[in-house]
2 protein chains.
Amino acid sequence: MKTPQEAFTQYLSDENLKMTPQRGLILECILEQTQHLSPEEIYDKVRKRDSSVGQATVYRTLKLLAEAGIIESLDFADGVARYEVAWGKEHHDHLICEACGKNIEIMDPMIEKRQETIAEEHGFKLSHHKMYLYGLCPDCRGKR
Amino acid sequence: MKTPQEAFTQYLSDENLKMTPQRGLILECILEQTQHLSPEEIYDKVRKRDSSVGQATVYRTLKLLAEAGIIESLDFADGVARYEVAWGKEHHDHLICEACGKNIEIMDPMIEKRQETIAEEHGFKLSHHKMYLYGLCPDCRGKR
DNA sequence: GTAATTGCAAATTATTTGCATTGCC
DNA sequence: GGCAATGCAAATAATTTGCAATTAC
């Protein structure tokens, strides 16, 4: 399978867009991170390596990366946009602790299958879905 | 079961807050609507009946109504915040058409059950969840 | 009476856009 | 070389907040 970098270059070229040092650097910074990042955090990280990069470029590049399917946007209901690397990873959903923010990636074939079925029953062609489970993790559960 | 109005009054009183004409009017406007409303749309609707109500009051009241469990916020990934009446309604998820925005409420006991199980397996106490299925509806499907 | 609420406008926050300049293919 | 990309600053958009005046309980 192509690396994220190769995939991005490919996507850009397919769309008649260009690879640039800025775009490469932004992708690098995202790939190094294991956490779910906000545009602001990515911007900070990028600037440490090249302070000349503008915030607008980060936003523009995030949009491109999402269109290319390399990253995916999340919604943890904490008021901040977040992204995670999607390239080469299997689809998964999130189980989020409302108290400490901890989140666990979950994967469940049964639910995925059922979602397909539900969509079909309504005549829909499913393209993607988002599922978030909110609750209290074992640690925070005890503190209440 | 209490009416939404009664529930809201109850909630306010429990929190040592006060019922006001503005709050009552805002709730009324939300209840009359069957669609999923944005703060802006609610504000417009409220102003038609009482043009002196401020936008800030609408935002503040929406927050209270959500805390009281009378309305719930949605995320249709169209960049706008939306609310729907939750009081007295069974929980449901949404199947959304990416082309025309049409959305269908879905309910699936099997998925609900499985979500509980998954949370338990990770030691979580589940409080709520959100699930959105995105795709193309029968109408839009044909046009591609 | 007193603390909560309101409307207003200003302040924030998050993101987007216009534009002259720069740089990739 | 030509079109796309960049950085900057200004522009939007959506929401929040400070505050003096008002009002519910």
Side-chain angles (χ1 to χ4, degrees), chain A residues 5-6 8-30 36-68 71 73-83, chain B residues 5-6 8-30 36-68 71 73-83:
Chain A
Q5 289 88 346
E6 287 165 351
F8 192 33
T9 305
Q10 173 79 68
Y11 172 80
L12 291 174
S13 134
D14 287 350
E15 298 285 318
N16 277 102
L17 303 175
K18 295 161 185 172
M19 177 48 91
T20 66
Q22 289 93 332
R23 288 177 178 174
L25 173 59
I26 291 166
L27 176 52
E28 249 182 67
C29 288
I30 294 172
H36 302 111
L37 297 167
S38 67
E40 195 61 31
E41 290 164 342
I42 294 166
Y43 176 50
D44 288 344
K45 205 158 182 303
V46 167
R47 282 176 87 181
K48 281 187 187 149
R49 297 228 230 141
D50 180 349
S51 61
S52 73
V53 176
Q55 194 155 9
T57 302
V58 173
Y59 276 101
R60 287 188 276 231
T61 303
L62 285 175
K63 190 172 281 186
L64 284 174
L65 285 166
E67 284 165 10
I71 62 175
S73 71
L74 302 173
D75 169 32
F76 285 2
D78 61 351
V80 192
R82 293 189 180 283
Y83 291 91
Chain B
Q5 288 90 345
E6 287 166 353
F8 190 34
T9 304
Q10 173 78 70
Y11 172 80
L12 291 173
S13 134
D14 287 352
E15 298 284 320
N16 276 101
L17 303 176
K18 296 161 183 169
M19 177 46 91
T20 65
Q22 291 92 333
R23 288 177 179 173
L25 174 58
I26 291 166
L27 176 52
E28 247 182 69
C29 288
I30 293 171
H36 303 111
L37 297 168
S38 66
E40 194 61 30
E41 289 163 342
I42 295 166
Y43 177 50
D44 287 344
K45 207 158 179 308
V46 168
R47 283 176 87 182
K48 282 189 188 149
R49 296 228 230 142
D50 179 351
S51 60
S52 73
V53 176
Q55 193 155 10
T57 301
V58 172
Y59 276 102
R60 287 187 277 231
T61 303
L62 286 175
K63 191 174 280 185
L64 285 174
L65 286 167
E67 283 164 11
I71 61 175
S73 71
L74 303 173
D75 169 32
F76 286 0
D78 61 352
V80 192
R82 294 190 179 282
Y83 291 92

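A, B, ... follow the sequence lines: proteins, then strands. Residue 1 opens every chain.
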Measure from [atom1] on [X] to [atom2] on [N] and round the result to the nearest Å.
X	N	atom1	atom2	value
A:Leu12	D:dC3	CG	P	19 Å
B:Phe8	C:dT5	CZ	C1'	12 Å
A:Tyr11	D:dA5	OH	P	11 Å
A:Leu64	D:dA5	CG	P	7 Å
A:Asn16	D:dA5	CG	C1'	14 Å
B:Leu62	D:dA14	CG	P	14 Å
A:Gln55	D:dA11	CD	P	17 Å
A:Tyr59	D:dA10	OH	C1'	16 Å

Side-chain (B:Glu15) to main-chain (B:Leu12) donor-acceptor, under 3.5 angstrom: no
Nucleic acid footprint by protein, nucleotides 19-24 of chain D - heavy-atom cut-off 4.0 Å, B for base, S for sugar-phosphate alone: -----B
A:Thr57 side-chain proximity, nearest of D:dT16, C:dT15, D:dT6: D:dT6
Options C:dA14, C:dT17, D:dT16, nucleotide nearest the side-chain atoms of A:Ala56: C:dT17
Within residues 39-54 of chain B, residues whose heavy atoms come under 4.0 Å of DNA chain C: B:Ser52, B:Val53, B:Gly54
Contact check, side chains of A:Arg23 and A:Phe8, non-hydrogen atoms, under 4.5 Å: yes
